[in-house]
A.B. asks: 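Starting off with a structure, shown below.
Computed from a prediction, not measured in an experiment: that's the story for all the values here. Throughout, protein chains are lettered first and strands after them, A, B, ... in sequence-line order, and every chain is numbered starting at 1.
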Amino acid sequence: MLGPGSYTGRMTAAPESTPRASTGTDRLKRGLAAMLEGGVIMDVVDAEQAKVAEDAGAVAVMALERVPADIRRDGGVARMSDPALIEGIKAAVTIPVMAKARIGHFAEAQVLEALGVDFIDESEVLTPADEAHHIDKWAFTVPFVCGATSLGEALRRISEGAAMIRSKGEAGTGNIVEAVRHLRSILGDLRRLGVADAAELYDWAKRLGAPVGLVQEVAGSGILPVPLFCAGGIATPADASLVMQLGAQAVFVGSGIFKSADPPRTARAIVEATTHFADAELVAKVSRGLGAAMPGLEVGDLDTKLAERGW
Amino acid sequence: MRAAIAPRVGVLALQGAARLHASALAELGAHPVEVRQPADLAGIDALVVPGGESTTMSMLLDSSGLQRPLEERVAEGLPVLGTCAGMILSATEVLDGRPDQRSLGIIDLAVRRNAFGRQRDSFEADLDVDGLAGGPFPAVFIRAPVVERVGDGVEVLARVEQGPVLCAAGSVVVCSFHPELGGDQRIHQLFLERMEIPCPVTPSGPASSTRRGPRTKPEASSSPS
């Protein structure tokens with residue numbers, strides 16, 4: 001019943017014992033991530049798009065200044081969204097609201113937390129603010145999601161306090177190839193760790209650039225201690241089905257919805273395909289006559305690879 | 001769980017924390033079964049409606065064709081455990097929901113969505129549960145709902161300052177927290193034990209503007225097979 005690399009939900013013990021009433025714990029952060037499993041998180045730039053996303057069945061919306069395809073096209077520095085837009089989005093929907101902060105830009109993250117967003121994406125889609133350090137995510141009450149291209153990167157982000165990992169893929173391209181590469185790399189290495197012996201795990205930790213304790217933990221459990229979602233290049237219902245079958249637990253769709261010919265129908269179809277990912281007949285049904293998906297880009301032709309941001 | 005054969009417990013897997021419930025149930029010796037389409041309802045002895053986004057699940061209940069057959073099974077007395085979003089979907093009345101949000105109307109409660117605030121207000125608390133042996137229950141509240149009206153025949157088993165958070169009527173148990181996250185299976189155990197209690201009354205209280213249910217008639221209730 002459980003797919004490869006499935007997150008069966010054994011939460012790692014919170015570092016501290018549970019006080020009588022506490023907020024911002026590991027369990028609450030990873031718990032919210034788990035509630036989004038099987039769902040679709042959609043990029044939106046304003047309240048109107050947020051409504052379209054909620055109406056289509058999104059489990060959460062991601063507020064950002066411009067969708068990745070536009071960031072790619074327009075260039076320049078991409079930053080956290082205007083707080084007024086985030087407030088507008090929060091007021092427009094009842095589902096969780098996520099928002100992006102630049103890598104290492106803990107002040108943007110503090111602002112997002114103060115605004116009451118439910119999840120912060122420390123994202124390579126925005127222009128990095130720090131070339132060596134990611135945000136110390138343990139210092140926040142609100143949970144964080146971070147992108148990763150490999151198991152080592154995922155474990156480094158988890159050791160910094162990320163409560164959810166998503167593949168980076170290559171945002172704004174409508175090309176699924178990089179997301180598939182990243183998922184296969186993360187899940188493949190998890191499987192390989194499962195057969196390593198105790199001595200080999202020290203070498204794995206060195207090669208992954210990840211804390212040995214965390215490497216030993218995931219070697220034992222066979223899964224990441226936080227949910228693994230997929231992002232970066234999902235443009236069709238079949239893309240969603242593909243990454244869910246590979247072992248992602250939910251999907252992020254950025255430009256794929258609002259750059260398509262029919263955003264409400266495309267959004268709804270991707271929601272259906274994510275839930276019923278193993279039902280090819282249903283994926284066929286919802287894919288029928290959707291119109292043009294977002295225009296795609298060949299990854300080899302890109303000047304900037306967003307996935308290379310983050311360390 | 002006195003039955004010699006492990007009960008088959010369906011876990012609604014349209015969206016949300018289905019996996020976590022499945023592993024909790026498996027640990028207690030039950031046989032979890034993912035439910036995504038009507039055919040999956042065949043042969044289940046009970047159903048868990050997990051946490052997740054109630055608006056998304058409500059939409060998918062409709063499009064998957066599960067809404068109707070589920071209502072029928074519930075009317076026949078299918079035991080249900082609803083947690084967080086699952087509590088919202090089980091209630092007869094949803095406050096602060098979307099206008100088109102549907103619920104199964106299994107237990108006569110008015111439930112308010114996101115009653116405690118946003119994620120930064122999510123909290124863990126040790127909860128005293130009526131009749132639960134082994135001390136307080138480590139309850140995890142995530143953007144949780146709260147009960148604002150309790151119908152006749154519904155027992156309140158635990159409450160916090162804002163209102164009831166664990167209620168039961170016969171073999172229907174609902175809670176606004178996440179018993180699948182705390183590593184403590186006593187709420188699942190309580191549910192499996194209550195599976196043998198027939199559902200007493202299907203609610204048929206006064207209609208209100210936000211009311212979605214009930215869709216079933218009281219006479220229809222019978223013992224679960």
Side-chain angles (χ1 to χ4, degrees), chain A residues 1-3 6-11 13-14 18-25 27-32 34-40 54-60 90 93-98 113-119 140-143 227 249-250 268 271-272 274-276 278-279 282 286, chain B residues 11 13-24 26-27 31-34 36-37 50-60 62-64 84-85 96-98 100-101 113-114 117-127 136 138-143 160-161 177-178 180-183:
Chain A
M1 192 171 70
L2 303 175
S6 285
Y7 171 69
T8 55
R10 206 61 39 75
M11 296 286 165
T18 309
R20 248 201 96 66
S22 45
T23 57
T25 63
R27 191 173 273 162
L28 290 165
K29 292 174 175 178
R30 296 175 181 188
L32 179 59
M35 295 311 134
L36 304 174
E37 285 184 18
V40 181
E54 188 184 52
D55 287 348
V59 289
K90 273 174 55 199
V93 296
T94 63
I95 55 179
V97 175
M98 301 185 166
E113 180 166 72
L115 288 170
V117 305
D118 299 297
F119 231 106
F140 289 76
T141 301
V142 67
Q249 280 142 352
R268 185 59 196 266
V271 168
E272 295 282 346
T274 302
T275 290
H276 301 285
D279 182 346
L282 191 139
V286 300
Chain B
V11 181
L14 295 171
Q15 190 277 314
R19 263 181 248 273
L20 305 161
H21 278 291
S23 36
E27 253 175 64
H31 180 65
V33 182
E34 288 187 358
R36 284 196 175 84
Q37 51 188 354
E53 267 312 305
S54 63
T55 55
T56 305
M57 283 194 240
S58 150
M59 206 169 283
L60 290 165
D62 203 30
S63 64
S64 63
C84 194
D96 283 353
R98 284 171 55 89
D100 59 348
Q101 189 162 346
R113 288 181 67 213
N114 301 338
R118 306 196 70 92
Q119 174 62 13
R120 63 182 173 193
D121 308 305
S122 292
F123 64 100
E124 290 188 51
D126 293 335
L127 200 63
V140 181
F141 293 84
I142 298 178
R143 290 171 47 95
V160 295
E161 198 187 322
F177 54 91
H178 291 280
E180 77 281 15
L181 289 179

A.B. asks: Using non-hydrogen atoms and a 4.5 Å limit, figure out which bit of A/Glu113 sits close to chain B: side chain, backbone, both or neither.
C.D. replies: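 A/Glu113 touches chain B through backbone heavy atoms alone.
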A.B. asks: Classify the side-chain pair B/Gln15/A/Thr275 by whether it contains a donor and acceptor separated by less than 3.5 Å.
C.D. replies: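 Result is no, nothing qualifies.
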A.B. asks: Which pair of non-hydrogen atoms, one from B/Gly182 and one from A/Arg27, has the smallest distance, and what is that distance?
C.D. replies: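 Looks like O-NH2, 3.8 Å.
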A.B. asks: State whether the side chain of B/Arg118 and the backbone N or O of A/Gly116 hold a donor-acceptor pair below 3.5 Å, judged by distance alone.
C.D. replies: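 Judged by distance alone, yes, a pair lies under 3.5 Å.
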A.B. asks: From A/Thr25 OG1 over to B/Leu181 CG, what is the distance, rounded to the nearest 0.5 angstrom?
C.D. replies: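 Atom-to-atom, A/Thr25:OG1 and B/Leu181:CG are 9.5 Å apart.
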A.B. asks: Please classify the contact between A/Thr94 and chain B as side chain, backbone, both or neither, with a heavy-atom cut-off of under 4.5 Å.
C.D. replies: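 It is both, since atoms from each part get that close.
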A.B. asks: Quick check for you: among A/Pro96, A/Gly57, A/Pro143, which has the greatest number of heavy-atom pairs under 4.5 Å with chain B?
C.D. replies: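 If we count pairs closer than 4.5 Å to chain B, A/Pro96 comes out on top.
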A.B. asks: Hey, does the side chain of B/Arg120 reach the backbone of A/Thr23 with a donor-acceptor pair shorter than 3.5 angstrom?
C.D. replies: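 Looks like no, no N/O pair under 3.5 Å.
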A.B. asks: Calculate, to the nearest 0.5 Å, the distance between atoms CD1 and CG belonging to B/Ile142 and A/Leu32 respectively.
C.D. replies: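 One finds 6.0 Å between CD1 of B/Ile142 and CG of A/Leu32.
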A.B. asks: Between A/Ala278 and chain B, which part of the residue has a heavy atom less than 4.5 Å away: side chain, backbone, both or neither?
C.D. replies: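 Neither the backbone nor the side chain of A/Ala278 comes within 4.5 Å of chain B.
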A.B. asks: For A/Ala250, which atoms come within 4.5 Å of any heavy atom of chain B: side chain, backbone, both, or neither?
C.D. replies: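 Contact with chain B: none, neither part.
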A.B. asks: Decide side-chain contact (heavy atoms from CB on, under 4.5 Å) for A/His276 and B/Leu14; before the verdict, give the C-alpha distance in whole Å, the side-chain angles of both, and the deciding distance to 0.1 Å.
C.D. replies: CA-CA 8 Å; A/His276 301 285; B/Leu14 295 171; 4.2 Å; yes
A.B. asks: To the closest 0.5 Å, what do you measure between CG (A/Leu36) and CD (B/Glu53)?
C.D. replies: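 Those atoms lie 7.0 Å apart.
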A.B. asks: Between A/Ala60 and chain B, which part of the residue has a heavy atom less than 4.5 Å away: side chain, backbone, both or neither?
C.D. replies: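 Interface part for A/Ala60: neither.
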A.B. asks: Would you please name every residue forming a side-chain hydrogen bond (donor to acceptor under 3.5 Å, both in side chains) with B/Gln119, sequence neighbours left out?
C.D. replies: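 With sequence neighbours excluded, B/Gln119 shows a side-chain hydrogen bond (donor to acceptor under 3.5 Å, both in side chains) to B/Ser122, given in chain and number order.
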A.B. asks: For chain A, which of B/Thr55, B/Leu60, B/Asp121 has the most heavy-atom pairs under 4.5 Å?
C.D. replies: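 Highest number of heavy-atom pairs under 4.5 Å: B/Leu60.
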A.B. asks: Once you round to the nearest 0.5 Å, how far does CE of A/Met35 lie from SG of B/Cys84?
C.D. replies: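 The distance works out to 7.0 Å.
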A.B. asks: Salt bridge or not for B/Arg98 and A/Asp55, using N-O below 4.0 Å?
C.D. replies: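 A salt bridge is present here (some side-chain N lies under 4.0 Å from a carboxylate O).
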A.B. asks: Do the non-hydrogen side-chain atoms of B/Thr56 and A/Val40 ever get within less than 4.5 Å of each other?
C.D. replies: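 The answer is no, as the side chains (C-beta and beyond) never meet within the 4.5 Å cut-off.
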A.B. asks: Would you name the heavy atoms of B/Ser63 and A/Arg268 that are closest together and state the gap between them?
C.D. replies: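 What the structure gives for the nearest pair is CB-NH2, 3.5 Å.
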A.B. asks: Flag the one option from B/Met57, B/Gln37, B/His21, B/Arg36 with the top tally of heavy-atom pairs under 4.5 Å to chain A.
C.D. replies: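 Among the listed options, the one with the most contacts to chain A is B/Arg36.
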